[in-house]
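When a ligand or atom number is given, it counts from 1 through the structure's own listing order.
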Amino acid sequence: MFRRRGSATVAGERVAAPDALTLDGVSRSYRRGTVALEALELAVPRGRFLAVMGPSGSGKSTLLQCAAGLDRPSSGTVRIGDVDIGSLNEAALTRLRRERVGFVFQAHNLVPSLSVGENVALPLLLGGTADDGRVALGLAEVGLGDRADDRPTELSGGQQQRVAIARALVTRPEVIFADEPTGALDPGTAHDVLTLLRRAVDRDGHTVVMVTHDPTAAAWADEALFLADGRIATRLANPEPTQVHGIMRNLGRRAA
Ligand code: ADP
């Protein structure tokens with residue numbers, strides 16, 4: 001039977017909203033035969049915080065790149081909400097990345113020649129969306145309401161990462177992808193950054209997919225997913241640092 005995804009009513013029945021992110025049979029192989037991802041199945045519901053872990057070379061970056069539309073899988077389907085991103089041409093994919101996806105990287109990729117406020121406004125500007133006060137609000141939300149006119153270089157590493165989070169949230173994206181967002185931060189500053197991501201999920205219903213190698217960071221997520229050799233080795237709900245550490249140690253042994 002044909003069933004539309006989305007919140008529409010089909011034959012008088014409520015159909016659940018689509019997951020924020022869906023990977024269906026996603027494989028990615030490179031020339032010379034490296035298989036970075038193998039037939040991955042993953043659905044991330046809205047309002048969920050997922051940590052992606054695994055030994056080096058297990059496919060974490062490839063997963064993030066394919067899920068975020070920065071790379072195309074060799075086979076399989078990636079959906080952001082109800083959009084099959086494999087069906088989009090480059091222009092539409094660029095627009096999707098700008099408007100429906102937010103990014104927070106380890107090195108925050110702020111534009112040094114722009115002010116802090118202009119950096120946060122950039123995704124709106126590029127998309128032709130009006131700033132209805134959300135840049136100022138976004139900066140206030142990350143505790144930097146008084147730094148809009150400063151240059152990124154005038155801020156500490158942790159403050160710059162908070163600007164990157166404000167920028168990732170400004171378009172109210174479907175999914176926020178974070179790649180080792182605390183990798184370059186001291187524990188206290190990392191705590192602040194994770195608090196903001198957690199709040200974006202709990203208070204505002206955002207969806208976060210975070211690649212990390214840090215068990216303490218992973219423990220902020222609702223679930224940790226462990227990759228090994230391009231496959232999901234195991235998943236852990238409500239991860240605790242000691243459990244995460246144990247699983248990582250075992251996977252590391254297996255990989256060695
Ligand atoms: P992780 O992020 O977990 O360290 P990656 O996703 O970067 O893992 O890599 C998964 C596998 O794919 C590794 O074996 C890696 O060497 C390989 N790989 C990644 N990118 C490329 C590429 N551009 N060309 C060839 N092989 C690659």
>> List the protein residues in contact with ligand 1, where contact means a heavy-atom separation under 4.0 angstrom.
In response: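 The answer is Tyr30, Thr34, Ala36, Pro55, Ser56, Gly57, Ser58, Gly59, Lys60, Ser61, Thr62, counting any residue whose heavy atom sits under 4.0 Å from ligand 1.
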>> Counting only heavy atoms from other residues, nucleotides and ligands, does the tally under 6.0 Å from CZ of Arg72 exceed 12?
In response: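 Yes.
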> Going only through I, L, V, M, F, W and Y residues with side-chain contacts under 4.5 Å, is there a path from Ile176 to Leu122?
Replying inline: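 Cluster IDs for Ile176 and Leu122 differ.
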>> For the CG atom of Asp202 and the CG atom of Leu197, what is their distance to the nearest 0.5 Å?
In response: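 The distance works out to 11.0 Å.
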> Quick one: do Arg147 and Glu154 make a salt bridge, cutoff under 4.0 Å?
Replying inline: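 Salt bridge between Arg147 and Glu154, a charged N being under 4.0 Å from a carboxylate O: no.
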> Among pairs that include at least one residue of residues 174-198, which meet ring-ring contact (aromatic ring centres under 6.0 Å, His included), considering only residues two or more places apart or in two chains?
Replying inline: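 Sorted result for residues 174-198: His191-Trp220.
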>> In the structure I gave you, are the side-chain heavy atoms of Leu236 and Val244 within less than 4.5 Å of one another anywhere?
In response: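 With C-beta onward as the side chain, the pair touches.
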